[in-house]
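Numbers restart at 1 for each chain; the letters A, B, ... are given by sequence-line order, proteins then strands.
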There are 2 protein chains.
Amino acid sequence: MARPSNRLPVLPIERALKVISGRWKAVILYHLLDGPRRLSELTRLLPEISQKVLVQQLRDLEAHGLVHREVYRQIPPRVEYSATSLGLSLEPVMVALCQWGQRHAEALNEHDPVRDCIIRPARHGVSAADATHE
Amino acid sequence: MARPSNRLPVLPIERALKVISGRWKAVILYHLLDGPRRLSELTRLLPEISQKVLVQQLRDLEAHGLVHREVYRQIPPRVEYSATSLGLSLEPVMVALCQWGQRHAEALNEHDPVRDCIIRPARHGVSAADATHE
DNA sequence: TCCCATACGGACCAGACGGTAACCATGGCT
DNA sequence: AGCCATGGTTACCGTCTGGTCCGTATGGGA
């Protein structure tokens with residue numbers, strides 16, 4: 001973890017929201033659910049995010065204990081970001097949020113084509129129970 | 001509903017987060033789970049929020065279909081805010097967020113006294129199945 | 001006539017947040 | 001010497017958000 005985690009809200013729900021409601025945090029976390037990713041991988045997976053912002057969001061997630069950052073001293077450098085167990089434990093909550101978001105979209109502007117849920121909607125045989133770190 | 005709901009993010013999870021992650025929205029919504037509340041009631045229940053900000057948050061919630069605003073033309077004026085069915089449907093998600101928030105608090109700074117969850121942790125005989133509006 | 005309660009609305013402001021663009025350090029390869 | 005890839009960082013900036021303070025409209029009651 002980077003810093004001793006600056007003061008978060010005391011109410012659990014506000015704390016939870018504060019921790020995951022950054023502009024790209026949910027999407028980033030989603031891409032880490034399947035295992036570690038290098039920064040360059042994430043950059044390629046999420047071209048809409050500038051690298052600076054990506055690093056920023058990752059560092060926030062790290063500071064809040066959701067993401068682990070592993071540096072391999074190689075040339076060229078290799079840095080891997082992975083979800084901690086705390087980060088992984090957020091998945092069901094994210095799924096719930098996603099499902100509610102779909103419901104919300106249907107309830108309001110049903111004319112809009114309902115987009116696929118980025119958070120896995122239903123898992124069959126998945127292997128997200130490995131490198132957990134922290 | 002106030003406005004036709006300005007464009008929300010397309011990804012369901014981002015949409016959900018955008019809709020509920022205002023500074024006071026979760027807490028406000030919590031207080032509406034049990035039924036309609038007058039603005040003055042909410043002001044008294046949540047003294048830390050200035051009335052202007054309270055109205056602001058309520059109007060956002062209304063614009064996004066989570067809250068219904070009922071005006072009674074009386075003197076002095078009477079305005080009641082209540083959760084719509086869409087708003088009520090968010091409760092389980094908020095509970096999940098709250099539980100995860102507690103877990104997060106314990107995982108990081110367990111020395112801090114774990115605060116009670118503002119979102120009802122387990123309900124016994126509750127009557128939140130009434131005025132639903134929308 | 002003045003004051004009260006209710007339910008706002010506008011002016012103004014400071015900080016957080018996200019975004020662009022450019023720069024930097026390392027060491028291998030040619 | 002110059003270029004490449006990786007993984008950053010720094011400077012700067014515009015917008016959004018929440019916050020304070022104060023004004024306003026209505027009509028009842030003293």
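Residues that satisfy the side chain to side chain donor-acceptor pair (under 3.5 Å) test with A/K18, not counting sequence neighbours, are absent from this structure. Taking the side chain to side chain donor-acceptor pair (under 3.5 Å) definition, one finds that B/R37 meets it with B/E41, sequence neighbours left out.
Using a 4.5 Å heavy-atom threshold, the side chains of B/R15 and B/L11 count as separate. A/L66 has its side chain within reach of B/H104: a pair of non-hydrogen atoms, C-beta onward, lies under 4.5 Å apart.
The salt bridge (charged side-chain N to carboxylate O under 4.0 Å, His left out) pairs that include a residue from residues 19-32 of chain A are A/R23-B/E14, A/K25-A/D60, where partners are two or more places apart or lie in different chains.
For the residue pair B/L32 and B/A83, the shortest heavy atom distance occurs at O-CB, 3.9 Å. When all heavy atoms of A/A96 and B/V93 are compared, the pair lying nearest together is O-CG2, 4.1 Å.
B/V79 and B/I75 are members of different hydrophobic clusters when ILVMFWY side chains are connected at heavy-atom separations under 4.5 Å.
Between the side chains of A/H68 and A/E70, at least one donor-acceptor pair of N or O atoms lies under 3.5 Å.
Five base pairs at each end of the helix from C/dT1-D/dA30 to C/dT30-D/dA1 define two local axes, and these are offset by 40° (rounded to 10°).
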Full working for side-chain contact (heavy atoms from CB on, under 4.5 Å) between B/L58 and B/R69: CA-CA 9 Å; B/L58 282 164; B/R69 177 167 171 266; over 6 Å; no
Annotated protein contacts, base or backbone, on nucleotides 3-20 of chain D with a non-hydrogen cut-off under 4.0 Å, one of B, S, - each: ---BBBSBB------BBB
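First and last contacts of DNA chain C with chain A, using any nucleotide atom under 4.0 Å from a protein heavy atom and ordered 5' to 3', fall at C/dG18 to C/dG27.
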